[in-house]
Asks: 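Got a structure for you, written out below as structure tokens; questions coming shortly.
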Amino acid sequence: MTLINRCNLKSSPSSSNLSIPRLISLCKTLRNLEQIHTQIIRRGSEQEHYLITLFISALTSLPPSTTTISYASAVFDRVSRPNIYVYNALLKFHSQHSSLYHSVSVFLRMTRLNVVPDKYTFPVLVKSCCKSLALNLGRGIHGLTVKYGCDNDLYVGSSLVDFYGKCGEIKCAREVFDGMHERNEVSWTSMVVGYVNVGDIVEAKKVFDEMPKRTVFSWNIMISGFVRFGDLKSARKLLEEMPDKNVVSFTAMIDGYAKAGDMASARDLFEQCPDRDVVSWSALMLGYVQNGQPANAVKLFLEMQSWNVKPDEFILVNLMSACSQIGSLELAKRVDSYVNQQSSLNLQEPHVVAALVDMNAKCGNMGRATMLFEDMPKRDLISYCSMMQGLSIHGCGAQVVSLFYRMINEGHTPDGVAFTVILTACSRAGLVEEGCQLFDSMINEYSLVPSTDHYACMVDLLGRSGKLRLAYELLNSMPVEPHAGALGALLWACKLHGDVELGKEIASRLFELEPQNASNYVLLSDIYAATDRWLDVFVVRNEINERGIQKIPGCSWI
DNA sequence: TTAGGGTTAG
């Protein structure tokens, strides 16, 4: 039965137009709207601005898809002389569903046809610029608000404050904000968002404190602002003071505790959280994954299912990461088949496939990982990195290198992460020449600045292959102080190749950097022991005891 | 005539 029949509304051309707005307001799906559209055409109402405005607005509230974009444009294009309402409805549609290009071309078309933009035109246009961080275009539009006399409007002002703040132009945001004739909670909140965005948490708090009226939005932005800059104490204080906390407020705080590694507090707050949604479950689960508690992440997933919360792709990616950490092939198989049963999810999403590839590779099912990777209709940088990483941990260095070049040939530009993966693979497989060439191309061809991790990879690569002096020179040529990882890699190499003198020097630098890390002392004592320097062994061991350093007992999974 | 606006989170 169609919507028309269900509503028991006549569809004859003589019936009043009022029935169509009523029908449009009842539409929940694209299919419903298509039925109404048929009615509009049948009644010859395609030129009625009122109806078309309502129709495009209804399309705007549907979930985004390529079908709705072409549909909205097609409906609009049939109107011979659209008025400002129709234009504004289409602009709003584009600001939410499609690219800045669409919005701008609609705007240009309307001004060319002498349709004068009004105070409703600019907020949506500014929002489109904001989404793309199109600063110069936004500035131009700001100028046009003045030209068309809309700059004193509350909504235009608020959208500009938001726009400048999000683009990092905080001075411009403040200027617009200070010049506003009238402000409401949204204008104030946008100002707070701007300061949080540029990292000026002090000024953000000042504006927040000055706000005449705070909303749940403004409280939540301030809490997540403190969380973002690691000030958990202030965030928690605000959460306690907040009158009507919602799930977002709690989730921001849970996120903060999880990032700080305080999973006990995160869990505690999660228990107190009202109306927990999939985002709050996800925040806690990600915390468990990132803090090396994969078993708790899996347990939480099972708990979530008993609460009948539908997992989304973030939850499943977390579940797969947890599974990768556990490394159980049995669990991986179950999770793999579970994920594949989730028909509501887009399994072609690159990051979902990347997680599946990663999980299978880390749990020892390289066959399945390869199949998933090769079956992808389109491979992106992330999926390539997952596959290369998988091959790398299985020691297939040569395959990683050829995959890396295949990735480039497919038109992807390697980033810092991709180079970390490839350099690690070269190091593991002893591919010294390839590694050096790649490190060189990273700097000279791709203009990337190597991070301390990249240097650590190279030091490891050179060190393992016995080129200790080269590794040492590279270490000293680093523009920033090498971190413990790079020094530690060289110390290992010294042990491997029995270089006592270099080992001594590197160890002393490491002792300064991490005086309480027992493994550095043990490594140095091993280096001495290998060359029968037992007195030195004694001195180092003694130092461990004197400094009260706790040795972590060795353990094995085997 | 009727119609339309801006701010939060993995």
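Nothing here was measured: the structure is a model prediction, and the numbers come from that model. Every chain is numbered from 1, with letters handed out A, B, ... down the list of sequences.
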Asks: In terms of side-chain geometry, is the basic nitrogen of A:Glu175 or A:Lys171 positioned less than 4.0 Å from the acidic oxygen of its partner?
Replies: no
Asks: Give a yes or no on whether a salt bridge exists between A:Arg43 and A:Glu48, defined as a side-chain N under 4.0 angstrom from a carboxylate O.
Replies: no
Asks: Is the distance between the ring centroids of A:Tyr101 and A:His94 less than 6.0 Å?
Replies: no
Asks: Is A:Asn184 side chain donor-acceptor paired with the B:dG6 base, going by distance under 3.5 Å alone?
Replies: yes
Asks: Report yes or no: is there a donor-acceptor pair, N or O only, under 3.5 Å between the side chain of A:Asp255 and the base of B:dG10?
Replies: no
Asks: Set out, in order, the CA-CA distance, both residues' side-chain angles and the distance that settles side-chain contact (heavy atoms from CB on, under 4.5 Å) for A:Gln35 and A:Leu23, then state yes or no.
Replies: CA-CA 10 Å; A:Gln35 288 171 18; A:Leu23 283 167; over 6 Å; no
Asks: Name the closest nucleotide to the A:Asn83 side chain, picking from B:dT7, B:dA3, B:dG5.
Replies: B:dA3
Asks: Could you work out which one of B:dA3, B:dG10, B:dT7 sits closest to the side chain of A:Lys166?
Replies: B:dT7
Asks: Measure the distance from OH on A:Tyr257 to P on B:dA9 and round it to the nearest whole Å.
Replies: 21 Å
Asks: Go through residues 101-122 of chain A and report each residue with a non-hydrogen atom lying under 4.0 Å from DNA chain B, sorted by number.
Replies: A:Asp118, A:Lys119, A:Tyr120
Asks: Between A:Glu203 and A:Lys206, does at least one N-O distance fall below 4.0 Å, as a salt bridge requires?
Replies: yes
Asks: For the pair made of CD1 in A:Ile223 and P in B:dT7, what is the distance, rounded to whole Å?
Replies: 20 Å
Asks: Tell me whether A:Asn197 contacts the main-chain N or O of A:Lys166 through its side chain, where contact means a donor paired with an acceptor under 3.5 Å.
Replies: yes
Asks: For A:Asp162, which contact category applies under a 4.0 Å heavy-atom criterion: base, sugar-phosphate, or nothing?
Replies: sugar-phosphate
Asks: Is A:Glu271 salt-bridged to A:Arg267, cutoff N-O under 4.0 Å?
Replies: yes
Asks: Please tell me if the side chains of A:Val161 and A:Ser187 come closer than 4.5 Å, counting only heavy atoms from C-beta onward.
Replies: no
Asks: Among B:dA9, B:dT7, B:dG6, find the nucleotide with the atom closest to the side chain of A:Lys92.
Replies: B:dG6
Asks: Counting side-chain heavy atoms from C-beta on, which of B:dG10, B:dT8, B:dA3 comes nearest to A:Thr53?
Replies: B:dA3
Asks: Using a 4.0 Å heavy-atom cut-off across all strands, classify A:Val193 as base, sugar-phosphate, or nothing.
Replies: nothing
Asks: Under 3.5 Å, is there an N or O donor on one side and an acceptor on the other linking the side chain of A:Ser158 and the base of B:dG6?
Replies: yes
Asks: Between A:Arg276 and A:Phe270, is any pair of side-chain heavy atoms under 4.5 Å apart?
Replies: yes
Asks: Below 4.0 angstrom, which residues in residues 275-288 of chain A have at least one non-hydrogen atom near DNA chain B?
Replies: A:Asp277, A:Val278, A:Val279, A:Ser282, A:Leu286
